[in-house]
A.B. asks: 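Got a structure for you, written out below as structure tokens; questions coming shortly.
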Amino acid sequence: MNALRWWWGLVLAFALLVVMRVFLPLPFANEVVIFSIYTIGCNFLLGRVGFISFGQPAYLAVGAYAAGFYFTYFGANPYIGIVIGIVVGFIVALIVGPFFVRLRSDYFALVNLALAVIIYFLMQKVLAPITNGDNGLWYLTNLEPTPVLDLTHPSQFFIFALLVGFATWAFYKYLDDSIYGACCLGAKINEDKLTFLGYDNFRIRLTAFVIANTTTALAGALYAVYLGFVSPEITSPTRAVDPVVVTILGGVGTLYGPIVGAIAYTGMKDVLSQILVNWELMIGFLLVFIMLAGEKGIWGTLEPRLKKLFFRKAASETAGGSKARTA
Amino acid sequence: MDGRAETIRADKVTKRFGGLTAVDQVSYVLHENEVAGIIGSNGAGKTTFFNLLTGYYLPDEGTISYCGEDVTRMTPQQRVARGMMRTFQLTSTFDNLSVVDNLGLAYFRAHKKSGLMQLLFNTRKSQRNEPKIVQTMDTFDLQDVRDREVKNLSLGEKRRLEIAMAILVDPKVLLLDEPLAGLAESEIQSILGVLRKHVGHQTILIVEHKLSHVQDFLQRLTVMHEGRIIADGTAEEALRHPEVRRSYWQIDVTAESAGVATP
Ligand SMILES: Nc1ncnc2c1ncn2[C@@H]1O[C@H](COP(=O)(O)OP(=O)(O)OP(=O)(O)O)[C@@H](O)[C@H]1O
Ligand SMILES: [Mg+2]
């Protein structure tokens, strides 16, 4: 019963994504799922540990280029490419993390941006002989169809991305429930107390950093497979605040905020960009409104209301469920 | 008293902030199971001294040892691991966690290991019904608010919570920085009631402004003034000390009225 209660929110959220897939175009659905995974790391850092990062594209690019290099020069199996993206993302986070997490929040935001800029120029200029500079790496046709779930096929890729997303959310939900999750929340507002209870603050922050940015690299690797190419555009400084925007849009520190934010952002981008040239202006206004209205974001505002609604329903459902079991 | 083992020994510790010497050549020994107090006017250096003992600051000069071991350069975590536990003058809790999760964090580190894997592979829920935590909530009268986020507690409840977190970990030495400041009389009595139970089998060092409240159960009183210890002994001895009369009583009216009347 407890286990059921733990899972139902997750199952419901991803069931809704499946519904979305039925009614909305496939590229939209794929984009939303990957963007959600991209954003959850940023949401975790900001909402759970109190780190704001303006350089998440750096880690996205690390995952994407790691997979991209593999597809261009070494192999063709999408699954292996994704694993490589994750591993390289993990390693990079582990290398820069010890330096970055020592910084206070505002400098942390900027040092990540600096890394994004560095990677942008590396890929665009310095490593141009192997990255093709602005043109990027194109390997769509190299990718090898895989058995069971063929990732070269967008509709099957969606199923895979959905499963990966589900696992990611289950992981972050578990993280929230763990002692470690409590440590993160503690570190967010009161590092001194945590230290004087005997916890190692540095290690807690570093772990959060590595977890979040490995997730971001995973999203990058998913992009690499899904798009079939990778170019420096992925880490362009003009896209640096996207995940922060989506995090705030969805609701900072809420579990489902990134999904809601990704749907809203991608939806607005697709719809508004057709009628408005400067659609990002609208997003800007929306953000200002959200922050002035109490910083809760879309999901942060909806969640309590839905919970109220649901708990009434859940009570009767629970009764039904336990009857069914005894029968 | 001097036959007892030494818990903390500070040897000529000094801490300067720019031109200001907040703690000046202070030597102090705290014995096992001693219940001692430090008083002193605002800015006397009490909190800074605490911060030196617990590793928040490193001293500019002098050494600090704990149970015979030199801990002068040790991190706060290393000292906590050896049984030192402190509270903060400005009540310090995790305001974004529930009362029971605050206690859970304190308890977990002290009774399990704090390795990353243990932190990741144990849930907060697993702590919530630990008998020791439940018992502590009873003792400190926190059962009614156990699931409330700490930011919604009153100052008195927060103070009780912070002391509960400190006592919960069974520290060898408990350092309390003005645990009673800003509390109503009834709340003061309830905290003192709990502390009294620990007198005689725990080493406790209390910084306090209102001497009247703690005088009767302190075995020893130290008076600080402008970064120095100016008197050390039983409460009566310390307060009778001429230098205390001169420098401390004139400045701090609450302490002066303390011996005479309790508000
Ligand atoms: N971090 C700091 N930087 C600069 N000066 C400091 C710092 N901490 C304390 N001081 C100064 O050191 C002196 C001693 O301060 P401390 O907080 O130790 O006094 P205290 O005895 O605890 O006083 P109170 O009764 O007000 O708590 C004060 O003059 C204070 O202004
Ligand atoms: Mg003080």
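Numbered from 1 within each chain, the chains take letters A, B, ... in sequence-line order. On a predicted model such as this, the values are computed, not experimentally measured, just so you know.
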A.B. asks: First locate atom CD of B:Gln77, then atom CZ of A:Phe202, and finally report the distance between them rounded to the nearest 0.5 Å.
C.D. replies: 11.5 Å

A.B. asks: Let's test your reading of the structure: which of A:Leu194, A:Asn201, A:Ile204 forms the most heavy-atom pairs below 4.5 Å with chain B?
C.D. replies: A:Leu194

A.B. asks: Under 4.5 Å heavy-atom distance to chain B, tell me which part of A:Leu175 shows up: side chain, backbone, both or neither.
C.D. replies: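 Only the side chain of A:Leu175 comes within 4.5 Å of chain B.
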
A.B. asks: Around atom OH of A:Tyr79, are there more than 12 heavy atoms from other residues, nucleotides or ligands closer than 6.0 Å?
C.D. replies: yes

A.B. asks: With rounding to the nearest 0.5 Å, note down the distance linking CG in B:Leu97 to CD1 in A:Ile189.
C.D. replies: 7.0 Å

A.B. asks: Quick check on A:Phe166: does its CZ atom have over 12 non-hydrogen neighbours (other residues, nucleotides or ligands) under 6.0 Å away?
C.D. replies: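 Counting neighbours around CZ of A:Phe166, more than 12 heavy atoms of other residues, nucleotides or ligands fall under 6.0 Å, so yes.
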
A.B. asks: I need the residue from B:Asp101, B:Thr123, B:Val169 with the largest number of non-hydrogen atom pairs under 4.5 Å to chain A.
C.D. replies: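 Most pairs with chain A among the choices: B:Thr123.
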
A.B. asks: Output the distance between atom CG (A:Asp192) and atom CZ (B:Arg86), rounded to the nearest 0.5 Å.
C.D. replies: 8.0 Å

A.B. asks: Looking only at heavy atoms, which two atoms of B:Leu120 and A:Tyr174 are closest? And how far apart?
C.D. replies: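 Shortest heavy-atom contact: O-OH, 2.5 Å.
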
A.B. asks: Could you measure the distance from the CZ atom of A:Phe196 to the OG1 atom of B:Thr54? Nearest 0.5 Å is fine.
C.D. replies: 4.0 Å

A.B. asks: Can you find a pair of side-chain heavy atoms, one from B:Phe94 and one from A:Leu185, that are under 4.5 Å apart?
C.D. replies: no

A.B. asks: Please give me the minimum heavy-atom distance between B:Met165 and A:Lys193, naming the atom from each residue.
C.D. replies: CE-CE, 4.0 Å

A.B. asks: Do other residues, nucleotides or ligands put more than 12 heavy atoms under 6.0 Å from the CZ atom of A:Phe108?
C.D. replies: yes

A.B. asks: Is there a donor-acceptor contact under 3.5 Å linking the side chains of B:Thr93 and A:Asn190?
C.D. replies: no

A.B. asks: Select one option (side chain, backbone, both, neither) describing which atoms of B:Gln78 are under 4.5 Å from chain A's heavy atoms.
C.D. replies: neither

A.B. asks: Does any heavy atom of chain B fall under 4.5 Å from the side chain of A:Thr195, the backbone, both, or neither of them?
C.D. replies: both

A.B. asks: Tell me, out of B:Pro76, B:Ala166, B:Gly104, B:Ser92, who's got the most heavy-atom pairs with chain A below 4.5 Å.
C.D. replies: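 The candidate making the most pairs under 4.5 Å is B:Ser92.
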
A.B. asks: Under 4.5 Å from any heavy atom of chain A, what part of B:Phe88 do you find: side chain, backbone, both or neither?
C.D. replies: side chain

A.B. asks: Around atom NZ of B:Lys158, are there more than 12 heavy atoms of other residues, nucleotides or ligands at under 6.0 Å?
C.D. replies: yes

A.B. asks: Under the 3.5 angstrom rule, does the side chain of A:Tyr199 hit a backbone N or O of B:Ala106 as a donor-acceptor pair?
C.D. replies: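 Such a contact is absent between A:Tyr199 side chain and B:Ala106 backbone.
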
A.B. asks: Output yes when a side-chain donor or acceptor of B:Asn122 lies under 3.5 Å from a complementary backbone atom of A:Ile179, and no otherwise.
C.D. replies: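 No, the answer is negative, given that no donor and acceptor are paired below the 3.5 Å cut-off.
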
A.B. asks: Using 0.5 Å steps for rounding, measure from the SG atom of A:Cys183 to the CZ atom of B:Arg124.
C.D. replies: 9.5 Å

A.B. asks: For B:Arg146, does the CZ atom sit with more than 12 other heavy atoms under 6.0 Å from it, leaving out its own atoms?
C.D. replies: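 Yes, enclosed.
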
A.B. asks: How far does CG of B:Asp95 sit from NZ of A:Lys188, to the nearest 0.5 angstrom?
C.D. replies: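 Taking CG in B:Asp95 and NZ in A:Lys188, the distance rounds to 12.0 Å.
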
